[in-house]
Amino acid sequence: MASLLTRDALLVALVPVALRLPWALLALPAGLVTDRVDRRRLILGMDALRALAFLFAALSLWAALPLGAAPAEGVSSPGLYLALLIAALVVGGAEVFRDNAAQTMLPALVPSERLERANGQLWSAELLTNALIGPALGAFLIGLWLPLAFGLNALAYGMALLLVAGLAGQFKAERTNRRGWKAEIGEGFAFLRGVPLLQTLAWTTGFWNLFHQMIVIGVVLHAQENLGLSAQAYGLTLAGGAVGGIAGSLMGARIGSALGPTRTMQWMLAASGPCFIGMALAPGAWTLGLCFAAMEFTGFVWNVVSVSTRQRMIPDALLGRVNSLYRLLAWGMMPLGLVLSGLVVSLGEGLLPRGTALVLPFWVAGAGSLVVAALVWGRIRQGFAGISH
């Protein structure tokens with residue numbers, strides 16, 4: 001929607017920045033709350049809040065119709081642009097609490113030895129609907145009527161509330177005493193500081209997410225202006241990434257078992273750099289979709305192994321706080337990647353043709369990913385060796 005209101009790369013990037021900024025602002029409170037309350041009820045409350053935010057966006061878009069042409073600078077509808085920013089902040093804030101609670105709740109539902117398989121099944125189901133069906137359906141709905149995709153998304157969250165409400169079990173961490181919030185957050189810091197492997201994985205995931213967000217925002221204008229893709233073709237290209245992610249989610253447990261967690265993480269990280277660079281060189285929708293698929297495959301195999309390792313290592317009473325600190329590092333760098341993508345394009349336009357500037361984020365992400373892989377290769381091996389002893 002932002003790209004329909006402005007062609008300014010930085011202004012387009014600010015909307016997903018608003019969606020991801022709460023990960024940097026609210027991760028610590030989310031961890032504290034997750035360890036204090038029933039995690040299922042927290043999920044229900046946050047999904048209700050997200051449903052209301054999407055309904056607000058749909059009504060705001062309806063009131064702003066018809067939209068004017070998107071200008072090269074500034075926005076065609078300042079009120080609607082502000083509404084999108086507000087909705088994105090609310091959705092992102094609720095997502096911090098909801099996702100932290102959901103990830104810490106999983107060990108209460110499945111035994112430890114099945115965590116890789118359970119995480120893979122969860123992500124494959126999410127990708128199937130959120131990334132494979134969703135973009136294509138969203139493009140179709142936008143073609144019918146612009147507010148429709150936002151309104152139906154609000155309805156989908158209402159359906160999710162009913163599904164989660166039916167879960168039975170004990171989802172509140174058992175705790176022997178209640179201390180002040182500073183002391184409780186300090187406990188989480190102390191645990192994370194005492195496990196070098198978790199620190200390495202958190203920083204590595206953070207930089208990968210930064211590079212991933214650079215290309216996610218960069219590909220919007222690249223696909224439209226350089227490759228001339230329609231909204232439908234762009235949605236199908238993203239669906240290619242979802243197919244790769246689903247494959248990685250379902251195969252992650254097997255790959256991790258065959259190669260071992262150390263080599264799995266090392267090679268998946270090393271393979272992501274060429275995937276980013278390949279997206280800059282892809283001449284059309286099909287090749288871009290294949291690069292997306294390869295990139296998401298490596299990312300989700302990494303996730304299956306790293307998240308399962310984290311869930312297995314952290315005690316349940318600390319899981320919310322340590323998980324939130326981990327994700328503060330891992331997800332808090334996403335807004336930086338989005339802003340950096342817009343800045344790279346804006347600065348590149350001063351020296352290069354616009355078409356060339358639009359692919360600069362892919363080159364920066366690819367080179368950065370290869371550098372990170374080289375720096376943490378040995379640390380990952382040493383970290384797993386340390387916990388095995």
Side-chain angles (χ1 to χ4, degrees), residues 23-24 26-35 39 96 99-108 110 112-116 118-120 122-123 173 183-212 252-253 255-256 259-270 272 298-334 336 369 372-389:
W23 279 105
L26 301 176
L28 294 182
L32 190 64
V33 171
T34 299
D35 282 342
R39 291 157 180 171
V96 177
D99 283 8
N100 193 56
Q103 205 167 82
T104 56
M105 198 169 83
L106 185 62
V110 298
S112 176
E113 65 272 13
R114 292 187 59 196
L115 281 174
E116 281 85 359
N119 278 309
L122 268 178
W123 279 317
E184 293 188 11
I185 291 178
E187 288 176 344
F189 269 114
F191 186 90
L192 184 61
R193 191 166 51 244
V195 185
L197 176 62
L198 289 180
Q199 296 177 47
T200 298
L201 298 184
W203 283 110
T204 303
T205 305
F207 277 106
W208 193 92
N209 284 337
L210 183 151
F211 300 138
H212 182 270
I255 294 173
L259 298 179
T262 300
R263 284 189 294 173
T264 298
M265 289 189 179
Q266 288 172 329
W267 285 109
M268 291 303 108
L269 183 61
S272 63
T298 63
F300 277 89
V301 172
W302 165 282
N303 278 341
V304 166
V305 177
S306 65
V307 172
S308 300
T309 298
R310 186 166 83 241
Q311 291 169 332
R312 196 173 284 119
M313 293 177 63
I314 304 170
D316 182 63
L318 286 170
L319 193 53
R321 281 164 286 169
V322 178
N323 196 56
S324 68
L325 289 168
Y326 183 102
R327 299 185 78 172
L328 174 62
L329 298 176
W331 288 59
M333 296 176 73
M334 285 185 174
L336 180 59
S369 183
V372 170
L375 290 175
V376 304
W377 187 277
R379 294 190 179 192
I380 293 174
R381 183 181 62 253
Q382 294 169 4
F384 274 104
I387 63 172
S388 65
H389 291 92

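Numbers here are sequence positions counted from 1.
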Colleague: Rounded to the nearest 0.5 Å, what separation is found between the CG atom of Leu197 and the CE atom of Met313?
Modeller: 5.5 Å
Colleague: Measuring from Ile255:CD1 to Arg263:CZ, what's the distance to the nearest 0.5 Å?
Modeller: 12.5 Å
Colleague: Report the distance from atom CZ of Arg379 to atom CD of Gln382, rounding to the nearest 0.5 Å.
Modeller: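 With rounding to 0.5 Å, CZ (Arg379) is 8.0 Å from CD (Gln382).
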Colleague: Between Val376 and Trp203, is any pair of side-chain heavy atoms under 4.5 Å apart?
Modeller: no
Colleague: Should we count CZ of Phe300 as having more than 12 external heavy atoms under 6.0 Å?
Modeller: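 Result for CZ/Phe300: enclosed.
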Colleague: Considering non-hydrogen atoms only, spot the tightest contact between Val305 and Pro261 and give its length.
Modeller: CG1-CB, 3.7 Å
Colleague: Can you sort out the partners of Trp267 under ring pair (Phe, Tyr, Trp, His ring centres under 6.0 Å), two or more places apart, ordered by chain and number?
Modeller: Trp377
Colleague: Do you know the tightest heavy-atom contact between Asp316 and Asp35?
Modeller: O-OD1, 4.0 Å
Colleague: So which atom in Tyr326 and which in Leu198 form the shortest heavy-atom distance, rounded to 0.1 Å?
Modeller: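 Looking at all heavy atoms of both residues, the shortest contact is CE1-O, 3.5 Å.
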Colleague: Do you know which two heavy atoms are closest between Gln311 and Leu115, and how far apart they sit?
Modeller: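 Closest approach of Gln311 to Leu115, heavy atoms only: OE1-CD2, 3.6 Å.
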Colleague: Leu325 vs Phe191, test: side-chain contact (heavy atoms from CB on, under 4.5 Å). Steps then yes/no.
Modeller: CA-CA 10 Å; Leu325 289 168; Phe191 186 90; over 6 Å; no
Colleague: Quick one: salt bridge (charged side-chain N to carboxylate O under 4.0 Å, His left out) partners of Arg114, sequence neighbours excluded?
Modeller: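 So Arg114 forms no salt bridge (charged side-chain N to carboxylate O under 4.0 Å, His left out) with any residue.
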Colleague: Aromatic rings His212 and Trp208: how do their planes relate, parallel, tilted or perpendicular, breaks at 30° and 60°?
Modeller: parallel
Colleague: Between CG of Leu336 and CG of Asn209, what distance do you get to the nearest 0.5 Å?
Modeller: 11.5 Å
Colleague: Taking all heavy atoms of Leu26 and all of Pro29, pick out the closest pair and write down the distance.
Modeller: O-CD, 3.2 Å
Colleague: For Trp302, which residues count as a ring pair (Phe, Tyr, Trp, His ring centres under 6.0 Å) partner, sequence neighbours excluded?
Modeller: none
Colleague: To the closest 0.5 Å, what do you measure between CG (Leu319) and CD (Gln103)?
Modeller: 8.0 Å
Colleague: Show the nearest heavy-atom pair for residues Ala27 and Ser324, with the distance to one decimal.
Modeller: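 So the minimum-distance heavy-atom pair works out to O-CB, 2.9 Å.
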Colleague: With sequence neighbours left out, what residues match Met105 under side chain to side chain contact (heavy atoms under 4.5 Å, CB included)?
Modeller: Arg39, Arg40, Ile43, Leu109, Leu167, Phe171
Colleague: For Trp23 and Asp99: C-alpha separation, side-chain torsions, deciding distance, then whether side-chain contact (heavy atoms from CB on, under 4.5 Å) applies.
Modeller: CA-CA 11 Å; Trp23 279 105; Asp99 283 8; 4.0 Å; yes
Colleague: Checking Glu116 now: which residues fulfil side chain to side chain contact (heavy atoms under 4.5 Å, CB included) with it, not counting sequence neighbours?
Modeller: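 Glu116 satisfies side chain to side chain contact (heavy atoms under 4.5 Å, CB included) with Ala253, Val304, Ser308, Arg312 only.
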Colleague: Once side chain to side chain contact (heavy atoms under 4.5 Å, CB included) is applied, do any residues pair with Thr298, and if so which ones, sequence neighbours excluded?
Modeller: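 Counting only residues at least two positions away or on another chain, Thr298 forms a side chain to side chain contact (heavy atoms under 4.5 Å, CB included) with Met268, Ala271, Ser272.
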Colleague: State the CG-OG1 distance between Asn303 and Thr205, to the nearest 0.5 angstrom.
Modeller: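 Going from CG on Asn303 over to OG1 on Thr205, the span is 7.0 Å.
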Colleague: For residues Met265 and Ser306, determine if any side-chain heavy atom of one lies less than 4.5 Å from a side-chain heavy atom of the other.
Modeller: yes
Colleague: Which residue in the set Leu32, Val33, Asn100 passes side chain to side chain contact (heavy atoms under 4.5 Å, CB included) when paired with Arg321?
Modeller: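 Going through the options one by one, the only one that passes is Leu32.
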Colleague: Using distance alone, with no hydrogens and no angle criterion, decide if Thr104 and Asn323 have a side-chain donor and acceptor under 3.5 Å apart.
Modeller: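 Note: Thr104 and Asn323 side chains miss the donor-acceptor criterion.
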